[in-house]
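Heads up, the thing below is written out as structure tokens.
For ligands, and for the atoms within them, numbers begin at 1 and follow the listed sequence.
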Amino acid sequence: MTRRTLNLGILAHVDAGKTTLTERLLYAAGVIGEIGSVDAGTTQTDSLALERRRGITIKSAVVSFAVGGVTVNLIDTPGHPDFIAEVERVLSVLDGAVLVISAVEGVQPQTRVLMRALRRLRIPALLFVNKIDRAGAGEERVLRAIAARLSPAVVPMGSASGLGTRAAGFTPWAEADAGARARLAEILAERDEGILAAYIDDELGVPYARLRQELAAQTRRALVYPVFLGSAATGAGVPELMAGLAELLPARTGDAGGPVSGRVFKIERGAGGEKLAYVRMFSGTIRTRDRLRFSASPESRSHEGRVTAIGVFERGTATSRAAVSAGQIARLRGLDEIQIGDQIGQPEPGVIPPQFAPPTLESVIAARRPADRAALHVALGQLAEQDPLINVRQSPGELAVSLYGEVQKEVIQATLADDFGIEVTFRETTTICIERPVGSGQAAELLGAPGNPFPATLGLRVDPAPPGSGVAFRLDVDLRSVPMYVYKTVGDFTAMMTQYVTQALRAGPFGWQVTDCTVTMTESGYISPSTTAAHFRKLTPLVLMAALDQAGTVVCEPMIRVSLEIPAETTGSVLAAVARLGGSAGTPAQRADLGPLTAVQALLPAARAQDLQRQLPGLTSGEGVAETSFGGYRPLATQPEQAQSRGGR
Ligand SMILES: Nc1nc2c(ncn2[C@@H]2O[C@H](COP(=O)(O)OP(=O)(O)OP(=O)(O)O)[C@@H](O)[C@H]2O)c(=O)[nH]1
Ligand SMILES: [Mg+2]
């Protein structure tokens, strides 16, 4: 029998109670007989030693349970912004989400970042206002903030009582509650003509069952967001939330007989060091001993591997099975070359990967014991496999890792010590710049010409492209000049060249990654059978650097957009601080939803944004709040001299 599956993400600002809620749901579903605690380090999903020690989630983790005929694969995610990369991968495999909001702290910066991503990707979500048992918990205040700052299309599903006490509870609206019914009909009518007509006809005449059906339909289309209240600590509101998962979110069966399509959202190493890939299946069936093809994107080079074991998530953990099919999540063994984010088989239609800010910081990392140097290199490579945005860069004698922040740095340090036995030191954290071409440049190496060490012709042109557009590669050569005995298809040749070009652009004339450009291959030539793929690979950086030198590049630093909400009388001193830190600010604005606070948008160099956050409490008597997001790249005011460049990185 095929069961319906709901792949559910639990998302929230750090500490809102995701892991505690996960534990509660597992308990309520009968998967665990005892509730573990984050504070004692005994939960199912915070299973890493480091997570237990620190009491925070670092890696996403999958557990499953059944409710109302639906198998729920729950993915508990980290809330700390340093680990946003984990959340990014998870978002692309979800059918639905629960966004947890603390009833005490209310809507927090990361809550808004996540809600924006859910709305953009049209992922259906239920909101859970947690911690109603804690002193300082609010109901009206939090619901107002949710409506003003997350989405106006929210539907409270009941009301809380005994706020701030262990006895705090949640009561769903009764069917007979005329007020609640009218509010529900009103919000649904805004998005459905049929309900609107029936509602205008007779305000209370719309059958309740029809309203619930319509609520489910609109929730599944991510048009409205039902809100539950409760406490993961006491269990209040959890049964209602659980029933809501089955009633309101879209569970799927999927086409098990269709072509294989899946996406890898997590990589782990097993006890013996073997790679384990967590895959969400969109279509088709994978069986043990199947040979699979996978790649980072349809344009990039694909790899193959044979599946040696399959674990399918059932009643808590992964259970060994002979096959996994559409809709399910599996842990696959045997695919040595697979990487996080890889697509298995055919790309699933219509999935736009979310785009959070890239890491803007990096730090040079070194092994304390010189003998560990090689081992450190291997270990960082493995960490980068698991964490899509850990980028390790090598320059002569140095290794630098990209970072989101200090907590991630501490976690990398502890992981290297615990799992690999390598003690490391970090140098101070610096920002990661990029280079953009300022003009067009062209260069070529011709077959047989003096100075060309390889028996092949390669010509490349580089042109600037709009900021944020990344790198595009185009082929503009006579196809007869492409060595088809080396590459089976033109597609393969383009994929290989794209890879060589991407690799070569990792360090431009000033040593930074070159981006926002189009690279066009303008000339190609070979002599059969001496010309090999390696000749094109080795020529690419030579030709591309010559073209870039001709084009010229400008070094740009990452910027952070800061949305400030500050008491009106502190505007002057906050604007002065922004200017001192090298930033710029927009016109302060009064907004109805902010009360006595004034909204100001500022743009600061990433290196200084944290300074502003540190100064803010002092500048605003603790009343100002700042929310940050990535603000693109801006050319450095003082461009480095080429001679002093970090060349050779
Ligand atoms: N009083 C009370 N405390 C709670 C509740 N839910 C969680 N907590 C506490 O809040 C803290 C954070 O809980 P977690 O479940 O780790 O929160 P999280 O969202 O998973 O945190 P990260 O994964 O690190 O982002 C812990 O000390 C919990 O015991 C609740 O409903 N009421
Ligand atoms: Mg957690």
Worked verdict on Y278 versus E268 for side chain to side chain donor-acceptor pair (under 3.5 Å): CA-CA 8 Å; Y278 287 68; E268 202 176 67; 3.1 Å; yes

Would you mind listing which atoms of ligand 1 come within a distance below 4.0 Å of any non-hydrogen atom of [X]?
X: S231; value: 30 (C), 31 (O), 32 (N)
X: G79; value: 25 (O)
X: V14; value: 24 (O), 25 (O)

Residue portion contacting ligand 1 (non-hydrogen atoms closer than 4.0 Å) for V38: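 Side chain only.
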
Considering heavy atoms of the protein only, find what lies nearest to [atom] and give residue, atom and distance to 0.1 Å.
atom: atom 24 (O) of ligand 1; result: T57 N, 3.1 Å
atom: atom 19 (O) of ligand 1; result: K18 NZ, 2.7 Å
atom: atom 6 (N) of ligand 1; result: N130 ND2, 3.2 Å
atom: atom 15 (O) of ligand 1; result: T20 OG1, 2.5 Å
atom: atom 21 (O) of ligand 1; result: D15 N, 3.1 Å
atom: atom 26 (C) of ligand 1; result: D39 OD1, 3.5 Å
atom: atom 5 (C) of ligand 1; result: K131 CG, 3.6 Å
atom: atom 1 (N) of ligand 1; result: D133 OD2, 2.9 Å

Would you say ligand 1 has an N or O under 3.5 Å from any N or O of [X]?
X: D46; result: no
X: A16; result: yes
X: I56; result: no
X: D76; result: no
X: A233; result: yes
X: G17; result: yes
X: A232; result: yes
X: R134; result: no

The Mg ion (ligand 2) contact by T20, N, O or S atom under 2.8 Å: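 It does not: T20 brings no N, O or S atom closer than 2.8 Å to the Mg ion (ligand 2).
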
N/O/S atom of T45 inside 2.8 Å of the Mg ion (ligand 2), strictly under: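 Given the 2.8 Å cut-off, T45 does not count as a ligand of the Mg ion (ligand 2).
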
In terms of side-chain heavy atoms, does [X] have a donor or acceptor partner in [Y] at a distance below 3.5 Å?
X: K131; Y: S231; result: no
X: T429; Y: E406; result: yes
X: D133; Y: T234; result: no
X: N130; Y: S102; result: no

Donor-acceptor under 3.5 Å (D342 side chain, Q339 main chain):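 Yes, D342 side chain to Q339 backbone: donor-acceptor pair under 3.5 Å.
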
Backbone of P78 reached by a side-chain donor or acceptor of T57 within 3.5 Å: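 Not confirmed, T57 side chain does not pair with P78 backbone.
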
Min heavy-atom dist A12 to ligand 1 below 4.0 Å: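 No; A12 lies far enough from ligand 1 that no heavy-atom distance drops under 4.0 Å.
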
Trace of the salt bridge (Lys or Arg N to Asp or Glu O under 4.0 Å) decision for R116 with E627: CA-CA 13 Å; R116 268 202 293 271; E627 197 180 301; 3.7 Å; yes

E274 vs R333, salt bridge (Lys or Arg N to Asp or Glu O under 4.0 Å): CA-CA, chis, key distance, verdict: CA-CA 8 Å; E274 74 283 15; R333 208 178 278 254; 2.5 Å; yes

Intermediate values then yes/no, side-chain contact (heavy atoms from CB on, under 4.5 Å), L245 and F65: CA-CA 12 Å; L245 299 178; F65 58 88; 4.0 Å; yes

Closest approach of L50 to A414 (non-hydrogen atoms, all atoms of both residues):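 Heavy-atom minimum between the residues: CD1-CB, 3.6 Å.
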
For the student: nearest non-hydrogen atoms of A85 and Y404, plus distance: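 Where A85 meets Y404 most closely, the heavy atoms are CB-CE1, 4.5 Å.
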
V129 and F228: CA distance, side-chain angles, deciding distance, side-chain contact (heavy atoms from CB on, under 4.5 Å) verdict: CA-CA 6 Å; V129 176; F228 295 82; over 6 Å; no

E410 and R54: CA distance, side-chain angles, deciding distance, salt bridge (Lys or Arg N to Asp or Glu O under 4.0 Å) verdict: CA-CA 11 Å; E410 289 164 30; R54 287 184 156 248; 2.5 Å; yes

